[in-house]
Amino acid sequence: MSIEVKNITKRFGTFNALAGIDLKVETGELVAFLGPSGSGKTTLLRIISGLETADSGDILFHGEDARAKKAKDRNVGFVFQHYALFRHMSVSENIAFGLRVQPRAVRPSEERIQARVGELLRLVQLDWVGDRYPSQLSGGQRQRIALARALAIEPKVLLLDEPFGSLDAQVRKELRQWLRRFHDDLHITTLFVTHDQEEALEVADRVVVLNKGKIEQVGTPEEVYHRPASLFVLNFLGNVNLFHGRVVDGKLYLGDDGADAKKEGAKTAHLYIRPHHFAISRTELPDPAIKAVIKYINPAGPVVKIDLLSSAGHSIQAEITQQEYTELKPVKGESVYVSAKNITFLDYEI
Ligand code: ADP
Ligand code: MG
């Protein structure tokens with residue numbers, strides 16, 4: 001089921017929660033809504049689900065106007081961060097719930113319901129917990145059961161609002177990989193809300209970056225990370241170092257202390273550089289290299305984090321590979337040269 005969102009607006013009092021959202025999600029896609037708290041992610045998801053109505057704009061499901069349909073008729077399954085399972089029902093009863101409340105005319109037989117519950121338990125790889133109660137499950141297991149319950153009605157669209165938000169980091173990581181594989185098998189059109197950049201970049205086919213009720217960028221994880229459309233996206237998707245320099249005759253001077261950089265016609269440049277795009281060397285590098293002193297080294301991780309202070313007084317956060325670290329053997333307090341292998345975003349003032 002494809003979903004089309006056309007110029008959706010939503011106000012709460014005088015507050016613009018959504019200001020003209022346009023988006024097309026293809027059948028079978030897994031799309032993440034990524035943005036800080038309050039950016040409008042949940043509101044947009046609720047409007048798509050039919051739990052909330054927009055002030056203006058259109059929602060099309062498979063090309064048809066969805067607004068005429070109530071939430072329960074839109075064929076969507078939900079999982080929320082705090083979507084508590086029914087505590088007094090066993091896991092199997094929880095999963096069966098959506099089927100048991102269907103009108104008699106369409107409700108499957110008890111036998112069919114039991115078979116479907118069994119299938120779903122196997123699907124979320126928890127077929128041994130059917131008789132347990134939610135309090136006897138871990139947080140991660142509960143969210144998988146919540147997903148099984150959402151899938152019971154065979155939804156055409158799956159809406160997940162920070163489904164792993166309340167779980168600890170290790171379980172979150174496992175579950176997002178699990179969700180990715182799960183989606184690859186089932187291919188249900190899925191919208192996944194998160195404020196966690198890593199989660200969005202790892203799970204989604206495409207990422208929608210939201211800020212203050214507007215879309216900043218829509219793109220594949222690679223596009224939004226490596227080719228951010230705005231400073232907001234750049235900053236939101238990971239660490240970045242900012243430098244102010246001067247450009248004269250096509251040559252860049254950082255820290256504008258060189259006499260050339262003060263020449264007439266010089267333009268101010270702002271450079272945004274990701275930590276892993278720095279090269280560190282003991283011998284002087286080609287321009288524009290910065291002389292800096294190493295202030296802190298943390299090798300405990302997949303990359304080695306190095307904080308430096310440039311001679312012009314700027315702090316720099318760099319990351320080098322473990323191999324580069326072993327080869328260079330940098331030490332705290334030593335003076336090195338830093339240069340940028342790649343500039344993610346360059347901003348000129350004219
Ligand atoms: P997100 O899910 O990205 O954190 P929300 O969509 O929940 O953001 O909220 C967007 C903004 O709209 C927030 O500033 C929030 O306070 C406001 N908001 C959301 N729902 C309501 C409501 N029912 N009444 C008033 N303001 C609301
Ligand atoms: Mg929210």
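All ligand and atom numbering here is 1-based and tracks the order in the structure.
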NZ/NE/NH1/NH2 to OD/OE distance under 4.0 Å, [X] and [Y]:
X	Y	value
E223	R206	no
D161	K41	no
R116	E119	yes
R180	D184	yes

Check: Under 3.5 Å, is there a donor-acceptor pair linking the side chains of S2 and T27?
Finding: no
Margin query: With nothing but distance in play, are any N or O atoms of A17 less than 3.5 Å from an N or O of ligand 1?
Written below: no
What residue and heavy atom of the protein are closest to [atom], and at what distance?
atom	result
atom 12 (O) of ligand 1	F15 CE2, 3.5 Å
atom 23 (N) of ligand 1	F12 CE2, 3.6 Å
atom 8 (O) of ligand 1	G40 N, 3.3 Å
atom 7 (O) of ligand 1	T42 CB, 3.6 Å
atom 6 (O) of ligand 1	T43 OG1, 2.5 Å
atom 10 (C) of ligand 1	G38 O, 3.4 Å

Note to self: Does the protein place a non-hydrogen atom closer than 4.0 angstrom to atom 21 (C) of ligand 1?
What the structure shows: yes
Check: Heavy-atom distance from atom 16 (O) of ligand 1 to the protein below 4.0 Å?
Finding: no
Next item on the list: Evaluate side-chain contact (heavy atoms from CB on, under 4.5 Å) for R100 paired with I113, printing each intermediate quantity in order.
Entry: CA-CA 8 Å; R100 293 230 165 89; I113 290 177; 4.1 Å; yes
Notebook entry, point to check: For G35, is the nearest heavy atom under 4.0 Å from an atom of ligand 1?
Noted result: no
Next item on the list: Test the R274-Y225 pair against the cation-pi criterion, namely NZ or CZ under 6.0 angstrom from the six-membered ring centroid and within 45° of the ring axis.
Entry: yes
Checklist line | Ring-ring centroid check F86 F97, cutoff 6.0 Å | finding: yes
Checklist line | Presence of N, O or S from T42 under 2.8 Å of the Mg ion (ligand 2) | finding: yes
Check: Considering only heavy atoms of P36, which atoms of ligand 1 have at least one such atom less than 4.0 Å away?
Finding: 3 (O)
